[in-house]
Amino acid sequence: MAHTATPQERTGGLTATEHKLANGLRVVLSEDRLTPVAAVCLWYDVGSRHEVPGRTGLAHLFEHLMFQGSAQVKGNGHFELVQGAGGSLNGTTSFERTNYFETMPAHQVELALWLEADRMGTLLTALDEESMENQRDVVKNERRQRYDNVPYGTAFERLVAKIYPEGHPYHHTPIGSMADLDAASLEDAREFFRTYYAPGNAVLAVVGDIDSAQTLAWIEKYFGSIPPHDGKQPPRDGALDGIIGTELRETLHEDVPSRALMAAYRLPQDGTRAADAADLALTALGGGESSRLHNRLVRRDRTAVAASFGMMRLAGAPSLGWLDVKTSGEARIPEIEAAVEEELTRFAEEGPTPEEMERAQAQLEREWLDRLATVGGRADELCKYAVLFGDPQLALTAVRRILEITPEEVREVAAAWLRRDNRGVLVYEPTTAAAEADHDDSEGAQR
C-alpha cells in the first residue's frame, strides 16, 4: 500500500497518510494524541445527484436502511454496540455523498471498524421487506416533520428546483418525494446497494488517538476480504452555462409567522478560487450579526428580525447562495427587497471594506479550525476532499486558500453572480388566519 502525507509546516502541524486496499477502498489516517478518542468516518460517493427520475429519495432512504442490521449485527445492534461502548454515531445524505461516522473511546476503534465493514460487506443478507417498510415510514415521517408541516419548510426544495432546471441532477433535494418513496421496491434498494456500496466507491478516514500500523491492520482484516464490484455509472453532468438569465419568482400565501423574502443564487462550483471568493462575499454580506445585511435590515431599518446570506458549496454543479430575510412588524417585502438590492449593488461596485474583508476571512478561518479541532470534524473533512476532489490533503490547507483571496476577487464575484437575473425568489405572505393569530399574540403581550 502506498501512502502520502502533506508536510506539517504547510498544515499547522496536522498530517494525514493515504492508503489503498486491493479491493479499491481508500483509507486516510491522521494521528492525534491530545485526547483518548478517535473518529471513524466512511464516505460513499453517492447522493441524490446519482438518482434517476421516479426514484428520488433512494440515497437518503438507504442511509436509514444501513442502520437496520447486517449479517452479524441484528436490528438496532449498530446503535446499541457503539453507544454501549461509550461512543456516538450517525449518518447523513447530501446531493453529492452519503456518510457514516462514529466517535469512540480510543480503545474501541476496532469495534467501529468491524461494524462498518460488516454492513458494507453483508447488509444484503439482512435487508428484507420488513426493514424496508419500517424505514420507508420513518423517512416519510421525517419529510412531514421537516418539510411539509413546518413554516417555510418547502422553501429550500422549491428554490433548488428553480435554479437547477428540470432534468438536472440537482433539481430535486435528497429527501425525495412522497410518491417516489412509495414507489421504491426492495429490489430497487438491493440494486442501489450493489451499485454504490462498494469498497472502490468509498473513503474511510480514521482520526485521533490511534496507532496507524495497528489501525491499518484492522482495516485490512475487516474490509480487505470484501469483494470489489463496479457497476456504477458516472453521475449525470451537473454543469450549467453561466447565470440563469432571468429572475424566477413565486409568491406563497401560507400559515407562516411573518412575511419572508428568500432567494437562491447560482454561484461558482466548489474547488475554485471563485467559490472561495463567493464564500467570503456572502459571509461579509450576511454571515452573522456583524454582517452588512444584518446591520442594515435588523439594526438600522428595523424592518427584519433576521437576515442571513450563506453558501452551500457544491462540487458537481454550480454552488448555491441562500438569502433568508424574515420581516419585522408591518414591514413589506418591496421595502425589504429594495434595501437588499441597494446593498448588493453597492457591494458589487465597491467591494468589501477592509474591516469586512478581515472579519469574513477570520470567520471562515475560525469555522475551518473548529471543524479540524475535533477528530470527527477532521475525519469528515478528509473524506470530503478525497471523495469530491481526489485529494484528502486539500482539507489541511483549505484555510490558506481563503486567506489568499483579494478584495477585488470578492467584488468581482459579487458583481458577476449576485444579480436579479441569476436567482430564484420566494415571497411568503401570511394567510389571514396566521396574520390574525400573530396580531392577537402581539396584543396579548402588550396587555
Side-chain angles (χ1 to χ4, degrees), residues 6 11 16 26 28 41 43-50 59 92-99 156 159-160 163-164 168-174 203 205 234-244 264-287 309-323 360-361 363-372 377-406 409-410 412-414 416-418 422-424:
T6 298
T11 61
R26 290 174 289 169
V28 185
C41 183
W43 271 45
Y44 290 93
D45 186 9
V46 58
S48 59
R49 69 169 172 164
H50 296 86
T92 67
T93 311
S94 76
F95 289 98
E96 300 183 323
R97 59 96 184 105
T98 308
N99 67 342
F156 180 70
L159 286 173
V160 163
I163 69 168
Y164 303 112
H168 190 270
Y170 292 69
H171 179 71
H172 68 279
T173 57
V203 171
R236 288 173 292 145
D237 185 12
L240 291 168
D241 293 331
I243 64 172
I244 298 170
Y265 294 76
R266 282 189 197 164
L267 294 175
Q269 288 183 224
D270 198 9
T272 63
R273 282 184 71 94
D276 290 338
D279 207 350
L280 286 164
L282 268 58
T283 301
L285 285 164
F309 208 175
M311 180 176 177
M312 184 176 74
R313 290 174 175 256
L314 295 171
S319 299
L320 183 149
W322 178 264
L323 173 70
Q361 288 180 315
Q363 184 170 330
L364 293 182
E365 181 179 21
R366 188 198 71 240
E367 292 172 1
W368 177 82
L369 291 171
D370 285 345
R371 288 194 296 274
L372 266 63
R378 195 183 317 161
D380 195 59
E381 289 293 302
L382 291 168
C383 282
K384 168 189 170 181
Y385 281 93
V387 169
L388 299 181
F389 303 105
D391 184 3
Q393 309 295 341
L394 293 172
L396 306 181
T397 57
V399 73
R400 188 183 68 217
R401 295 187 291 278
I402 288 287
L403 298 179
E404 290 173 350
I405 300 298
T406 66
E409 287 177 287
V410 174
E412 288 176 352
V413 81
W417 297 85
L418 301 182
N422 187 42
R423 69 182 188 180

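The analysis underlying the following values was restricted to heavy atoms, covering all of them including side chains, and did not include hydrogens, waters or symmetry mates. Please read these numbers as outputs of a predicted model, since none were measured by experiment.
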request  = Supply the atom-to-atom distance Ile163 CD1 to Arg423 CZ, rounded to the nearest 0.5 angstrom.
outcome  =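 Going from CD1 on Ile163 over to CZ on Arg423, the span is 12.5 Å.
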**Prompt:** Roughly how far, to the nearest 0.5 Å, is the CG atom of Asp45 from the CZ atom of Arg26?
**Reply:**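 So the gap between those two atoms works out to 7.5 Å.
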Between [X] and [Y], is any pair of side-chain heavy atoms under 4.5 Å apart?
{"X": "Arg273", "Y": "Arg401", "value": "no"}
{"X": "Phe156", "Y": "Met312", "value": "yes"}
{"X": "Asp270", "Y": "Leu314", "value": "no"}
{"X": "Leu267", "Y": "Leu282", "value": "yes"}
{"X": "Val399", "Y": "Leu369", "value": "no"}
{"X": "Pro268", "Y": "Val413", "value": "yes"}
{"X": "Ile402", "Y": "Glu365", "value": "no"}
{"X": "Leu418", "Y": "Phe309", "value": "yes"}

[X] versus [Y], closest heavy-atom pair with distance:
{"X": "Glu409", "Y": "Glu404", "value": "OE1-O, 4.2 Å"}
{"X": "Leu396", "Y": "Leu372", "value": "CD2-CD2, 4.0 Å"}
{"X": "Tyr164", "Y": "Ala317", "value": "CE2-CB, 4.4 Å"}
{"X": "Ala264", "Y": "Leu159", "value": "CB-CB, 3.8 Å"}
{"X": "Ser319", "Y": "Arg313", "value": "OG-CA, 3.6 Å"}
{"X": "His172", "Y": "Ser48", "value": "NE2-O, 3.2 Å"}

Worksheet entry | Salt bridge flag under 4.0 Å for residues Asp276 and Arg400 |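 Between Arg400 and Asp276 there is no salt bridge, as every charged N stays at least 4.0 Å from the carboxylate O atoms.
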Exercise for the section: Determine, step by step, whether Arg97 and Thr92 satisfy the side chain to side chain contact (heavy atoms under 4.5 Å, CB included) criterion, reporting the C-alpha distance in whole Å, the side-chain angles of both residues, the deciding distance to 0.1 Å, and the verdict. Expected result: CA-CA 8 Å; Arg97 59 96 184 105; Thr92 67; 3.2 Å; yes
**Request:** Would you confirm whether Asn422, through its side chain, and Tyr265, through its main-chain N or O, come within 3.5 Å as a donor-acceptor pair?
**Result:** no
Notebook entry, point to check: Is a side-chain N or O of Gln361 found less than 3.5 angstrom from the main chain of Leu280, in a donor-acceptor match?
Noted result: no
In residues 381-390, what donor-acceptor pairs under 3.5 Å come from side-chain atoms, sequence neighbours left out?
residue, atom, partner, partner atom, Å
Glu381, OE2, Arg371, NE, 3.4

* Asked: Between Thr173 and Phe95, does a side chain to side chain contact (heavy atoms under 4.5 Å, CB included) hold up when you go through it step by step?
  -> CA-CA 7 Å; Thr173 57; Phe95 289 98; 4.3 Å; yes
Go through Asp380 and Trp43 one step at a time and tell me if the side chain to side chain contact (heavy atoms under 4.5 Å, CB included) criterion holds.
CA-CA 8 Å; Asp380 195 59; Trp43 271 45; 2.8 Å; yes
*Would you tell me whether Thr272 and Gln269 have side-chain atoms, one donor and one acceptor, within less than 3.5 Å of each other?*
no
